[in-house]
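Labels below follow one simple rule: chain letters A, B, ... track the order of the sequence lines, proteins then strands, and each chain is numbered from 1. Side chains included, hydrogens not; waters and symmetry mates left out as well; all remaining heavy atoms used.
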2 protein chains.
Amino acid sequence: MDDVSGGGPSGSLPRAVALLRALAASGGGGMRLTNAAETAGVTPASAHRLLRMLVDEGLVEQDARNKHYRLGIEFFSLAARAGNPGNLREVCRPTLLRLSASLGDTVFLLVRSGYDAVCLDRCEGPVPIRSFTGDIGGKVILGVGQGSMAILAHLPEAEREEVIRFNLPRLLNFGPFDEVFFRKGIEQVRESGYAARGTGLLPGMAGVAVAILDREGRPLAAISIGTTVERLNAERLPTVVQVLRREAEALATKINPFDVALRRPAQHAGSF
Amino acid sequence: MDDVSGGGPSGSLPRAVALLRALAASGGGGMRLTNAAETAGVTPASAHRLLRMLVDEGLVEQDARNKHYRLGIEFFSLAARAGNPGNLREVCRPTLLRLSASLGDTVFLLVRSGYDAVCLDRCEGPVPIRSFTGDIGGKVILGVGQGSMAILAHLPEAEREEVIRFNLPRLLNFGPFDEVFFRKGIEQVRESGYAARGTGLLPGMAGVAVAILDREGRPLAAISIGTTVERLNAERLPTVVQVLRREAEALATKINPFDVALRRPAQHAGSF
DNA sequence: CCTCATGTTTGCACATAGTGGAATATGGCA
DNA sequence: TGCCATATTCCACTATGTGCAAACATGAGG
């Protein structure tokens, strides 16, 4: 759409990545060529060539019957075997296991990614849970859910404001949303040091989260507990918070020598 | 190395993917530019440009202190949505949870990927388990382990033979291997409809698996139980097999109306 | 069964984006 | 401080990716 004139190449890599993003957004069902091309903002011809390359590389699969393209298992496996940024997952894994065992609830490890939070790891508890974060790798808007909220609340003010400004429109899709109430919630989290309950968008579900901060006080990640409202009553909450805080602090001191620089401060919008 | 003459571009996408593969192979620690360039077979200059692009896309992160490049969170988030044909994972998740809860063992969901099987999902049981498959995303040679064996055994004969021929050399790395015995095992699995015990390569560990077949009898995936030899005694085995069979058939009928496209032309509603 | 429409694949000429190699900046180490 | 290794930038060349348009499957509807 915004491509001007010319008949020359304007970067094959960004286009390919855009296609990958489109396919990822389409879910397990996959997408037709035309649709993917449109979503990625590429001409069908280019989309065809690029997707063929990606198929050759094993990153994309094509369903033989309906020609739908989808992200390939190879891709999945590659990432899973790759470890993860700074070995955060390996470092935190013991903590998650311990928390899951001692509390008997499902534990999440979340990190920030642009205007979203991503679930890096998850330890199932015995009680089935519904959560925004969903599976490992799942993304959620920064500010939705306790873990996500814990990260947002501890961001430096400038960054926090930018995220809020960007996310407010997106949050409207989650139902009636009140900015004042939202900001109040953020304040509360920053002051208390933990995020609990949240907006109650998932009926019957509840959670607590604390952030893992680096030396400068910037949030590296968040540990989050997902459980039911009955299990997270007013009596038990303080205990859980205390346990989480202790583990989060232990982790913080463990991974302190980390300073990851993202090249571009403002990232792409994600969806279109 | 194998690049011929000229000074012209020979495809930026393959090079970028090669770099991603190199970074993935390096684990969470990351790699230096030179090292990555060498591993990927690219000149340092190109590696630098490509990596910068990838950083801009969010697929790669650069450690501010070491300048080490490593895969970024975006990459993991994307990959987590990959390899999920027909939302297999979401569809099977409840079953896995149910099985894990009722049997008290660890449950795996495996799918085929070329000559290997990949672990798509995994539900931990209370008993710690060692398995070839390992974590989610883990790969294992088709034929090693029960789930993997269940898939292999139910492949159409031509395909099966091809896989066996390709994998036999690879299997030698797993210790003394007897082709006759191996083929006999495959036959047994196909006849009985389940794979149990297997080769006993992991001392103390045992497992059972059944395949999920589509309408034409081709294996879509396999559900596998990992446990200890004590827990999977001759007395309990039939029960477990029966439970697995029932769940597998239920899943099969659930996934079978694979021609979802028949109903409505545009239905990419997606689950947000 | 034939026809039409939508979607997919291939050719083509052009010019730009990507390439390798050399030159330059950066940074660790003795 | 000076040296070496590594990271980054510069530059001219060209072949690779590009858009457009025409051929080619595919499947729906009459």
Peer 1: Which nucleotide, C/dG18, D/dT9, C/dG20, lies nearest any side-chain atom of B/Ser46?
Peer 2: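 That would be C/dG20.
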Peer 1: Is it true that a side-chain atom of B/Ser77 and a backbone atom of B/Glu74 form a donor plus acceptor pair closer than 3.5 Å?
Peer 2: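 The answer is no, because no donor-acceptor pair under 3.5 Å joins these two groups.
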Peer 1: With a 4.0 Å limit, can you tell me whether B/Arg15 has a side-chain N or O closer than that to the phosphate oxygens OP1/OP2 of C/dT19?
Peer 2: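 B/Arg15 to C/dT19 OP1/OP2: side-chain N or O found under 4.0 Å.
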Peer 1: If the condition is side-chain contact (heavy atoms from CB on, under 4.5 Å), which residues does B/Arg170 pass it with, not counting sequence neighbours?
Peer 2: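 B/Arg170 satisfies side-chain contact (heavy atoms from CB on, under 4.5 Å) with B/Tyr115, B/Asp116, B/Ile141, B/Phe166, B/Asn167 once adjacent residues are dropped.
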Peer 1: B/Gln62 has an atom CD; how far is it from atom C1' of D/dT8, in whole Å?
Peer 2: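 Checked: the CD to C1' distance equals 11 Å.
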Peer 1: Can you tell me the distance, in whole Å, between the CG atom of A/Leu19 and the P atom of D/dG17?
Peer 2: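 Between P of D/dG17 and CG of A/Leu19: 14 Å.
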Peer 1: Nearest whole Å is fine: how far is D/dA25 P from A/Leu33 CG?
Peer 2: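 Value for this atom pair: 17 Å.
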Peer 1: A/Tyr69: which residues meet the ring-ring contact (aromatic ring centres under 6.0 Å, His included) condition with it, sequence neighbours left out?
Peer 2: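 Listed in chain order: nothing, the list is empty.
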Peer 1: Using the side chain to side chain donor-acceptor pair (under 3.5 Å) criterion, which residues pair with A/Thr34? Sequence neighbours excluded.
Peer 2: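 None.
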Peer 1: Mind checking if B/Arg49 touches a base, just sugar-phosphate, or nothing, with heavy atoms under 4.0 Å?
Peer 2: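 Here B/Arg49 touches the bases of the nucleic acid.
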Peer 1: I'd like to compare against my own output: the B/S/- annotation of nucleotides 25-30 of chain C with a strict under-4.0 Å heavy-atom distance to protein.
Peer 2: ------
Peer 1: Are any of A/Thr34's side-chain N or O atoms less than 4.0 Å away from OP1 or OP2 of C/dG7?
Peer 2: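 Answer is no, no contact under 4.0 Å.
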Peer 1: Tell me, please, which residues at least two apart from B/Arg112 pass side chain to side chain donor-acceptor pair (under 3.5 Å).
Peer 2: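 Checked B/Arg112 against side chain to side chain donor-acceptor pair (under 3.5 Å); matches are B/Glu159.
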Peer 1: When you measure from the side chain of B/Ala45, which nucleotide among C/dT19, D/dT9, C/dG7 comes out closest?
Peer 2: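 Closest nucleotide to the B/Ala45 side chain: D/dT9.
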Peer 1: Please figure out whether B/Val42 or A/Tyr69 has its closest DNA chain C nucleotide nearer the 5' end.
Peer 2: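 Looking at DNA chain C, the more 5' nearest nucleotide goes with A/Tyr69.
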Peer 1: I need the NE2-C1' distance between B/His48 and C/dA22, as an integer number of Å.
Peer 2: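 From B/His48 NE2 to C/dA22 C1': 16 Å.
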Peer 1: Can you tell me how far P of C/dT6 sits from CG of A/Asn35, to the nearest Å?
Peer 2: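 Roughly 15 Å, once rounded to whole Å.
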Peer 1: Can you figure out which of C/dT10, D/dT6, D/dT9 approaches the side chain of A/Arg52 most closely?
Peer 2: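 Closest of the options to the side chain of A/Arg52: C/dT10.
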Peer 1: Could you tell me how far apart A/Asn66 (CG) and C/dT8 (P) are, to the nearest whole angstrom?
Peer 2: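 Value for this atom pair: 10 Å.
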Peer 1: Just to verify, what does A/Glu161 make a side chain to side chain donor-acceptor pair (under 3.5 Å) with, not counting sequence neighbours?
Peer 2: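 Partners of A/Glu161 by the side chain to side chain donor-acceptor pair (under 3.5 Å) criterion, ordered by chain and then number, come out as A/Arg183.
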Peer 1: So if I take every side-chain heavy atom of A/Ser12 and compare against D/dT8, D/dT18, C/dG21, which nucleotide ends up nearest?
Peer 2: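 My answer, after comparing the listed nucleotides, is D/dT18.
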Peer 1: Can you measure A/Leu13 atom CG to C/dG18 atom P for me and round it to whole angstrom units?
Peer 2: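 The distance from CG of A/Leu13 to P of C/dG18 comes to 8 Å, rounded to the nearest Å.
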Peer 1: Are the side chain of B/Asp214 and the backbone of B/Arg218 linked by a donor-acceptor contact shorter than 3.5 Å?
Peer 2: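 Present.
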Peer 1: Measure the distance from CE on B/Met53 to C1' on D/dT8 and round it to the nearest whole Å.
Peer 2: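 In whole Å, D/dT8 C1' and B/Met53 CE are 15 Å from each other.
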